[in-house]
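Note that this is a predicted model, so its numbers are computed, not measured.
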Amino acid sequence: MNMKLSLEQKQMLSQRMIQSVEILQMNVQELDSYLKELTLENPLVELEDNREAPQAKSDLQRKLEWLEAADEQNRVYYGRDYEEEQERDAWNLPAEEENLPQYVLSQLIPLAKDDREGRIYHYLAYSLDSRGYLEDMPQGLCEAFDLSLEEAAEYLRVFQSVEPAGVGAADLQECLLLQLRRQNREEPLAAAIIGSHLELLGKNQLPRIATLTGASLDQVEDACQLIRSLNPIPGSGFSSREHLRYILPDVTVVKFQGYFEVLLNDNAYSKVLISHYYVDMLHADPSPETQSYIGEKLKQAEWVVSCIQQRGNTLQAVARALVELQKEFFEQGPGHLQPLRLLDVAEKIGVHESTVSRAVRDKYVQCTWGIYPMNYFFTRGVASQGAQVWTPERIKDKMRELIREEDKKKPLSDQKLADLLKESEVSISRRTVAKYRMEMGVADASGRKSYR
């Protein structure tokens, strides 16, 4: 048997260090949720805005006995208290905003002759997708309510007659045709283009449409202008509450005369307090069970408080470095970002690059010019022929200026845009120009062309 002794180094993260990293990465909403969950499993953690009134020692002792039995029992106990409190607070919550199905049903329910028709309209309304379209209809309605195809088609016709125009369509073509008919206008050319030439319209190939329809180019352009005025997504005016996200800034930069002040938004999450009643019990009760349980929870609570303080210090240091290194942006606004790396900020505040990366993850800065993700301020420089270094943001602004001033009858190709940028000492390829143009949501030269 061959035995060998070897020496090697391994880097291992303790559970405490992992928790510290996780808290650093949290934004204000995530941190607030984390602290509320922590109160359910650690009785020593109290939140300043939700601090409970003192309880009799007998109650505390009884709770300790339950906690001693099992942490899971502790979570259940506090979970019930929390749910009851949430139910009490629910009476003070504002009513939910009206969504698309509710809006449609508010128009259809008065038309229903009986409960069955009401259920049919309810079924259709809640079968709408996020665009406001209905797929697999009227066949799906036939199967769900044992209707004939003619009956289902009539219900669908009534459903499609309400606002917003185009709701309940099966696809884009039907959606646009429904809106065209709603306007009570005779537009056979527009209807023909919607029915057969939408792909050509999307590519702005109006001469080809004119050839295929036998209409003049001016007539085709008028019809296409009408089609572009229609709404291809009737459900777009209604926010989906499942995907609604509120952004709270983690840092606010306030501009004063001659200097900037960086403020942490620490009012967005609850302040952590440590329960004095359990601490007093730790000193008063020498039993091993009490000392072990409360001692362990006390260490956890103190470490969380320390991690939150460290998170705030790191975040504030990073934000101050961003304000100093991107001073032109904070003074003059978008279009004035300078090339900046995570390493530049890390070296300035004396931490590792990975710490800066974690600190800016999912964090937002509010300033005079709006609310921006913190990673927005990190941008690479693009090679240029002159001494000036251009950022992608500045190049896009220059491209917008060139496109705005172009001859719409002969719009600039991506290669021509690259050539004009080169004259301004910005050396990028045609492929990079195309990439930036698509990120800007601007069509290519053929899509921007005007025929009159």
Testing the basics here: between [X] and [Y], what is the closest heavy-atom pair and its distance to 0.1 Å?
X: Pro101; Y: Asn99; answer: CD-OD1, 3.3 Å
X: Ile194; Y: Gln173; answer: O-NE2, 3.2 Å
X: Leu134; Y: Leu124; answer: CD2-O, 3.4 Å
X: Ala125; Y: Leu105; answer: CB-CG, 3.7 Å
X: Met374; Y: Val365; answer: CG-CG2, 3.4 Å
X: Phe159; Y: Gly168; answer: CE2-CA, 4.0 Å

Could you tell me the separation between the [atom1] atom of [X] and the [atom2] atom of [Y], rounded to the nearest 0.5 Å?
X: Ile403; Y: Leu417; atom1: CD1; atom2: CG; answer: 5.5 Å
X: Gln183; Y: Leu230; atom1: CD; atom2: CG; answer: 6.0 Å
X: Leu412; Y: Glu405; atom1: CG; atom2: CD; answer: 10.0 Å

Show your working on salt bridge (charged side-chain N to carboxylate O under 4.0 Å, His left out) between Lys449 and Asp444 and close with a plain yes or no.
CA-CA 9 Å; Lys449 185 173 182 179; Asp444 59 12; over 6 Å; no
Please name all residues satisfying side chain to side chain contact (heavy atoms under 4.5 Å, CB included) with Gln415, sequence neighbours left out, ordered by chain then number.
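For Gln415 the side chain to side chain contact (heavy atoms under 4.5 Å, CB included) partners, ignoring immediate neighbours, are Ser413, Ala418, Asp419, Arg430.
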Apply the test side-chain contact (heavy atoms from CB on, under 4.5 Å) to residues Gln19 and Val304: give CA-CA distance (whole Å), side-chain angles for both, the deciding distance (0.1 Å), then the verdict.
CA-CA 8 Å; Gln19 187 179 33; Val304 168; 3.6 Å; yes
Kindly indicate whether a cation-pi arrangement holds for Lys271 with Tyr269, taking the cut-offs as under 6.0 Å to the six-membered ring centre and within 45° of the axis.
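Yes, a cation-pi geometry holds between Lys271 and Tyr269.
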Could Lys255 and Phe260 be counted as a cation-pi pair, given that NZ or CZ must be under 6.0 Å from the ring centre and within 45° of the axis?
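No - Lys255 does not lie over the ring of Phe260 by the 6.0 Å and 45° rule.
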Tell me, with the steps shown, if Arg437 and Asp414 meet salt bridge (charged side-chain N to carboxylate O under 4.0 Å, His left out).
CA-CA 9 Å; Arg437 176 180 52 74; Asp414 291 340; 2.9 Å; yes
Under the criterion side-chain contact (heavy atoms from CB on, under 4.5 Å), which of Val318, Leu264, Val323 is the partner of Val251?
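Single side-chain contact (heavy atoms from CB on, under 4.5 Å) partner of Val251 among Val318, Leu264, Val323: Leu264.
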Distance only, no hydrogens: is a donor on one side chain within 3.5 Å (strictly under) of an acceptor on the other, for Tyr34 and Gln29?
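Short answer, no.
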Under 3.5 Å, is there a donor on one side chain and an acceptor on the other for Thr314 and Gln310?
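The answer is yes; a qualifying pair exists.
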Within 6.0 Å of CD in Glu199, more than 12 heavy atoms from elsewhere
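Counting neighbours around CD of Glu199, 12 or fewer heavy atoms of other residues, nucleotides or ligands fall under 6.0 Å, so no.
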Test item: Asn265 side-chain N/O and Pro249 main-chain N/O as donor-acceptor pair under 3.5 Å:
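Side chain of Asn265 to backbone of Pro249: a pair is present.
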Taking Thr39 for its side chain and Lys36 for its backbone only, find out whether a donor-acceptor pair lies under 3.5 Å.
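The answer is yes, because a donor-acceptor pair under 3.5 Å joins these two groups.
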